[in-house]
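Structure first, then comments.
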Amino acid sequence: MAATLVPSLLEVLVLISLVSTCISSKPTNKIKSLNVIKELNRKGKYIGLITVTSTEENAFFATGAFRPHSKHPFVDLAGRRFLVGKVNGKKATYVRCGVGMVNAAATTQLLLDHFHLKGIVHFGIAGNVNNSMFIGDVTIPKQFADTGLWDWLNPNATWDPSSYVAELDFDNYNEPHFNGSNNLLGHLGYGTEQFFSESGDPNTPQPLLWAQVSEDWLQVAATNLEGIELEQCVNSSLCLPEKPKLVVGLSGSTANMFVDNAAYRDFLYQNFNVSSADMESSAVVMTSLSNGLPVIVIRGLSDLAGRQSGENAYATFGSLAARNTAKAVVQFINHIYECSTSI
């Protein structure tokens with residue numbers, strides 16, 4: 001019979017210590033963060049600020065309006081850093097969510113679950129889908145559609161067009177058009193979101209095409225921000241041909257894709273009448289609305305979403321669009337606090 005190996009007491013204690021360290025180190029950090037947030041929440045409610053990329057983040061902090069909390073300037077949760085402070089004296093919590101709708105929704109829910117909030121201001125840059133708008137302009141849409149929610153239909157099957165809010169037929173994009181032959185990619189049928197909310201029955205979603213921002217906040221923006229002075233130049237040697245403007249009340253599209261295609265850009269405008277295309281906004285808006293919290297979106301137009309000839313202008317004008325967006329965000333926060341009925 002083989003001898004049984006019995007670990008010594010010292011070996012057992014070392015093993016238990018190692019396992020305990022691996023299991024408990026990260027939860028301990030989370031508990032510390034939650035305790036800090038609990039302390040911060042005793043001081044009152046915050047405006048939640050969510051942006052996407054470092055370009056947008058840098059532009060916002062370059063305004064100098066944000067001042068970090070003296071004792072707890074940040075807390076870390078779920079791999080994200082939430083910065084705590086004030087924007088021109090108004091309490092705010094800022095976080096960069098990262099690209100895409102999953103990141104946007106997850107970050108929004110984290111913010112909502114842990115901080116006492118007055119509402120959420122989501123901001124960043126976007127592609128321009130409307131020929132009456134220009135690079136450098138800032139749009140504050142009234143509503144967003146998730147234009148990435150579609151069925152890729154079998155070209156040999158029958159389907160009911162009334163089941164979809166829009167249809168993209170790949171046959172229309174054959175080049176050259178020859179003998180009426182079918183494109184094997186077939187059709188895309190665009191559908192609606194399933195919207196869950198605190199005001200509805202549990203587990204009973206409602207179909208939703210347009211996620212609308214908060215009407216009161218939109219009115220504050222329309223009253224106070226239209227006509228705001230925006231920057232026209234990237235630097236002393238590179239300027240836009242026209243002075244940028246801020247427009248309130250258009251529509252925007254969101255999907256997990258970067259639009260840099262003229263044909264698809266035109267499809268979005270013609271079928272959804274949207275003026276901007278981004279990858280996060282509808283997720284932030286839907287998550288906020290599901291939790292019954294006010295929300296608004298401010299986006300600067302950085303490129304033409306494929307209408308240009310040559311390279312996309314994002315790399316050239318993205319920083320300018322971000323600066324104009326940041327200026328509008330700071331001004332909006334100043335005015336929203338003046339309208340006590342809106343927060």
Side-chain angles (χ1 to χ4, degrees), residues 50-53 55-56 96-109 120 122-131 133 135 139-153 163-170 172-173 185-196 205-213 250-290 295-308 312-314 318 321 325:
I50 302 176
T51 194
V52 183
T53 69
T55 298
E56 299 152 347
R96 174 158 52 98
C97 66
V99 174
M101 297 178 70
V102 172
N103 277 328
T107 304
T108 304
Q109 193 64 54
I120 286 181
H122 173 52
F123 63 98
I125 58 181
N128 173 22
V129 183
N130 185 341
N131 289 340
M133 302 285 285
I135 290 175
T139 177
I140 304 181
K142 64 181 178 182
Q143 59 188 6
F144 286 88
D146 177 358
T147 54
L149 194 64
W150 37 259
D151 296 338
W152 205 316
L153 303 170
S163 301
Y164 302 100
V165 297
E167 175 205 345
L168 190 156
D169 187 344
F170 285 98
N172 295 333
Y173 299 92
L185 291 174
H187 304 76
L188 300 182
Y190 288 74
T192 58
E193 284 278 9
Q194 291 186 327
F195 179 62
F196 297 82
Q206 299 298 315
L208 181 71
L209 174 59
W210 295 106
Q212 298 183 336
V213 305
L250 300 175
S251 301
S253 70
T254 300
N256 278 321
M257 64 182 79
F258 180 81
V259 179
D260 190 23
N261 181 278
Y264 191 65
R265 174 189 190 269
D266 291 343
F267 170 85
L268 288 175
Y269 181 76
Q270 292 165 8
N271 288 271
F272 293 94
N273 196 30
V274 293
S275 295
S276 58
D278 69 68
M279 300 173 66
E280 298 81 23
S281 293
S282 72
V284 174
V285 174
M286 281 194 64
T287 305
S288 301
L289 295 178
S290 290
V295 61
I296 198 167
V297 176
I298 302 175
R299 288 274 182 169
L301 302 181
S302 61
D303 60 87
L304 298 179
R307 182 170 174 262
Q308 77 285 343
N312 189 285
Y314 165 83
T325 303

Can you tell if the side chain of T108 reaches within under 4.5 Å of the side chain of C97, non-hydrogen atoms only? no
Can you tell me if S253 uses its side chain to pair, donor with acceptor, with the backbone of S276 under 3.5 Å? yes
Side chain to side chain contact (heavy atoms under 4.5 Å, CB included) assessment of F258 paired with N312: CA-CA 11 Å; F258 180 81; N312 189 285; 3.8 Å; yes
Using 0.5 Å steps for rounding, measure from the CD1 atom of I120 to the CD1 atom of I50. 4.0 Å
Value for OH (Y190) from CG (L168), rounded to nearest 0.5 Å, stands at 5.0 Å
Would you say the side-chain atoms of R307 pair up with the backbone N or O of A262, donor to acceptor, closer than 3.5 Å? no
Any heavy-atom pair between the side chains of F144 and D278 that's under 4.5 Å? yes
Taking the side chain as everything from C-beta on, heavy atoms only, tell me whether V259 gets closer than 4.5 Å to L268. yes
Shortest non-hydrogen pair, V274 vs W210, comes out as CG1-CH2, 3.7 Å
Is a side-chain donor or acceptor of S290 paired with a backbone partner of F196 at a separation under 3.5 angstrom? yes
Backbone of G318 reached by a side-chain donor or acceptor of D303 within 3.5 Å: no
Looking only at heavy atoms, which two atoms of D146 and A255 are closest? And how far apart? OD1-CA, 4.5 Å
Are any non-hydrogen side-chain atoms of E56 and T325 less than 4.5 angstrom apart? no
Contact check, side chains of V129 and F272, non-hydrogen atoms, under 4.5 Å: no
Non-hydrogen atoms of M257 and W150 that approach each other most closely: CE-NE1, 4.2 Å
S251/N273 under side chain to side chain contact (heavy atoms under 4.5 Å, CB included): CA gap, chis, key distance, verdict: CA-CA 7 Å; S251 301; N273 196 30; 5.8 Å; no
Is the closest side-chain heavy-atom distance between V52 and V99 below 4.5 Å? yes
Hey, can you tell me if Y264 and F267 have their rings parallel, tilted or perpendicular (30° and 60° cut-offs)? parallel
Crowded around Q308 CD? As in, over 12 foreign heavy atoms under 6.0 Å? yes
Main-chain N/O of L185 paired to W152 side chain as donor or acceptor, under 3.5 Å: yes
Please report the shortest heavy-atom distance between Q194 and M286, naming the atom on each side. O-CE, 4.0 Å
Between H122 and V297 (side chain of the first, backbone of the second, donor and acceptor by atom type, cut-off under 3.5 Å), is there such a pair? no
Separation of R299 CZ from I125 CD1 (nearest 0.5 Å): 8.0 Å
Working for side chain to side chain contact (heavy atoms under 4.5 Å, CB included), residues E280 and T51: CA-CA 9 Å; E280 298 81 23; T51 194; over 6 Å; no
Do Y164 and L188 have side-chain heavy atoms sitting under 4.5 Å apart? no
Restricting to non-hydrogen atoms, name the atom on S275 and the atom on N128 that form the minimum distance, rounded to 0.1 Å. O-OD1, 3.6 Å
Among N131, D260, N130, which one satisfies side-chain hydrogen bond (donor to acceptor under 3.5 Å, both in side chains) with R265? N131
Got a second to check how far I296's CD1 is from S288's OG, nearest 0.5 Å? 11.5 Å
Side chains of L209 and T192: does their closest heavy-atom pair fall under 4.5 Å? yes
Decide side chain to side chain contact (heavy atoms under 4.5 Å, CB included) for E167 and L153; before the verdict, give the C-alpha distance in whole Å, the side-chain angles of both, and the deciding distance to 0.1 Å. CA-CA 10 Å; E167 175 205 345; L153 303 170; 5.8 Å; no
In short, G98 meets N103 closest at the heavy-atom pair O-CB, 3.8 Å
About how many Å separate CG of L149 and CE of M101, when rounded to the nearest 0.5 Å? 8.0 Å
